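Written below as structure tokens is the structure these notes are about.
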Amino acid sequence: MALHNSEIADRFDRLADLLEIEGANPFRVRAYRNAARTVRGYPRSMADLLADDVDLTELPDIGDDLAKKIEGLVSNGELPLLDEVEERTPPALSELMKIQGLGAKRVRALHEAINIETLEDLRAAVESGQVRAVEGFGEKSEDKIRRRLKKFSGKDERIKLSEAEQIAAPLVKYLEKANGLKEIVVAGSFRRRKETVGDLDILITAKTKNNVMEHFTSYEDIEEVASRGETRSTVYLRCGMQVDLRVVPQVSFGSAQHYFTGSKDHNIAVRKLGIKKGYKINEYGVFEGDKRIAGETEKSVYASVDLPLIPPELRENRGELEAARENQLPDLVRLEDLRGNLHTHTDATDGRNSLKSMAAAAAEFGLEYLAITDHSKHLKVAHGLDEKRLKQQLQAIDKLNDELSGIRLLKSIEVDILQDGKLDLADSVLEQLDLVLCAVHHKFDLSKQKQTERILRAMDSPHCHILAHPSGRLINRREAYDIDLEKILEAAAARSCAVELNAQPDRLDLTDEGCRMARELGVKVSIAADAHSARGFDTLRFGVDQARRGWLEADDVLNTRPLKALLEILKR
DNA sequence: GCCGTTTTCGGCCCGACTGTTTTCAGTCG
């Protein structure tokens, strides 16, 4: 089985670390890191690209040499240069660089001075006070390393966007009380609405910045103030979250927002455009020589390099700069464009509230229609509906539709896709419904080929309107099942089947890249709350965030249609 | 090692903070 993109990227990153420790040309090191980022973020696997005879040097930051190395890794999993480097430099040194405050130079110093090779070596050296004796280190460095070692788990921890919101909200509320504060924005991946967030980057403009810093570092949830300066401070909260606060003057607000929103790749690309025009772009503004020519608003920063404002969700250097230059930026879908929700559970299966209260909550939320999609009989753990109970529900829906005004309930079901790709209910049952949602809920571990075929077979059913949560992943909890998403989306396009973007914050399934692929293939996407309670419609906004990251416009989204148009589409 | 609207060589984003050293390298975002 060929290496995944992430595995190839990890190899390049490790190689970069070890080369850096050895003191290699820093630009060569950067080249490997850039390549790692390109490969890791690429929507298709390197193996697939090679199978399709794609020239890898067409990918950004991949030249002849790295293309050959990727080919080697795909064909036999080998990267001879890495083996060579690991012969002379202990591989575990690359792990040490993950400790905050330890970079290549200091890791090397520790290795040369007191023969540190592993995390265990480092722990022992810290405890015996050897580290402080190494040149360039001291007592404070040793203490810091000790604290970081205690918390270090080995993997980089990113939390779900929804959880980050819960941490950010009270902090922002607290910061707003600071004297002299003018504007505050949570930037970084939080503002780009990425599905997971690593740390919080908060940007403030203020008259008297010292008061703001003082106020910030006095926040009660802070466990440690890692650094504190005039314009920038870094703290760790008790929950482990790192928070960076930057204070800039009002005239720099736009360029600072742009800079701290990122992504890093996007910023670098914009700066390069600036350089071409003879400008220097930093967090304080756009400068021609010493003269500030832009920076109070983000719009002015983009305008300085002849671009329209690019929405934060698109700033990943995945083609948005090129699209902006050609005036081809998508007009991204908004929450208010959604007219209905096509994935809803009631207390008939694993939902918490009754049909009636779900309908009332949806109407209250402003929706025009609501598909009731309880589970089917195979999903016993959710008390899935059999033919008889489904019939009862359909009658209840008819009755309720007669009583309700302002919202229409659609008769539907989330029918299980069985292991062989058949659906859990007979055609004669499904054909009575307005809408059928198909989903995989068991046998997650089939091979890629079998899992893909299973889903393709399900989509062959004339009744399958929407493929729900296509990959089955749960962020930070369960990997996606192994599927060929491109094949599935191509099949969906051919059958006029839609795919779901499940808006649950721990699903967000499709991914942003998946949305983009769907759009390019002409597959409509249903942004669905998968509501299990009357309060469950609020998750739609996370779905919209993800859809925006996936370049979706209102027209790409199935449930932006008015009811009449939707019903037309469902007839097919 | 990559890259090119100054293109096959000579650049490669830019600034803040810390700790150790004593004028700045290392690290980070």
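We use all heavy atoms of the structure for the numbers below, so side chains are in, but hydrogens, waters and symmetry mates are not. Throughout, a chain's letter reflects where its sequence line sits, starting with A, and its residues are numbered from 1. Nothing here was measured: the structure is a model prediction, and the numbers come from that model.
- Among the atoms of the strands shown, base atoms are found under 4.0 Å from some heavy atom of Asn25(A).
- The residues Arg228(A) and Glu214(A) are annotated as salt-bridged, a charged nitrogen and a carboxylate oxygen being separated by less than 4.0 angstrom.
- Using a 4.0 Å heavy-atom criterion, one finds that Arg106(A) contacts the sugar-phosphate atoms exclusively.
- Note on residues 26-59 of chain A: no pairs pass ring-ring contact (aromatic ring centres under 6.0 Å, His included), not counting sequence neighbours.
- With both ends at atom C1', the span from dG10(B) to dA16(B) equals 29 Å, rounded to whole Å.
- Read 5' to 3', the first and last nucleotides of DNA chain B with an atom closer than 4.0 Å to a heavy atom of chain A are dG1(B) to dG29(B).
- As judged by a 4.0 angstrom heavy-atom cut-off over every strand, Ala104(A) is placed among residues touching the sugar-phosphate backbone only.
- The same atom, C1', is picked in dC12(B) and in dT8(B); the two are 16 Å apart, to the nearest Å.
- Counting any heavy atom pair closer than 4.0 Å across all strands shown, Pro26(A) reaches no nucleic acid atom.
- Lys277(A) comes within contact range of no nucleotide atom at all, as no heavy-atom separation falls under 4.0 Å.
- A distance of about 23 Å separates the P atoms of dT5(B) and dG1(B), rounded to the whole Å.
- At a threshold of 4.0 angstrom between heavy atoms, the contacts of Gln242(A) are confined to the sugar-phosphate backbone, with no base atom among them.
- In this entry dT8(B) has no Watson-Crick or G-U wobble partner, no candidate having both defining distances under 3.5 Å.
- Using atom C1' as the reference point in both dG11(B) and dC17(B), the two lie 28 Å apart (nearest Å).
- Ion pairing between Arg44(A) and Asp52(A) holds under the 4.0 Å rule for side-chain N and carboxylate O.
- For Leu66(A) and Ile99(A), each mapped to the nucleotide of DNA chain B holding its nearest heavy atom, the one lying further toward the 5' end belongs to Leu66(A).
- Within a 6.0 Å radius of CD in Glu479(A), other residues, nucleotides and ligands contribute 12 heavy atoms or fewer.
- The ring-ring contact (aromatic ring centres under 6.0 Å, His included) contacts involving residues 116-143 of chain A comprise nothing, where partners must be two or more places apart or lie in separate chains.
- Nearer to the 5' terminus of DNA chain B, by closest-nucleotide assignment, is the contact made by Lys276(A) (compared with the other of Leu102(A) and Lys276(A)).
- Between the P atoms of dT18(B) and dC13(B), the separation comes to 26 Å (whole Å).
- If you check every strand for non-hydrogen atoms under 4.0 Å, Glu20(A) touches nothing.
- Between Glu20(A) and Arg33(A) there is a salt bridge, since a side-chain N of the basic residue sits under 4.0 Å from a carboxylate O of the acidic one.
- For the pair Glu112(A) and Arg106(A), the salt-bridge criterion is not met [side-chain N within less than 4.0 Å of a carboxylate O].
- Contact annotation for Lys280(A): backbone-only contact, meaning every heavy-atom pair under 4.0 Å involves sugar-phosphate atoms and none involves a base.
- Around atom CD of Glu176(A), more than 12 heavy atoms belonging to other residues, nucleotides or ligands sit under 6.0 Å away.
- The residue Tyr284(A) sits close only to the backbone: its heavy atoms come under 4.0 Å of sugar-phosphate atoms, none of a base.
- Rounded to the nearest Å, the gap between the C1' atom of dG29(B) and that of dT20(B) is 22 Å.
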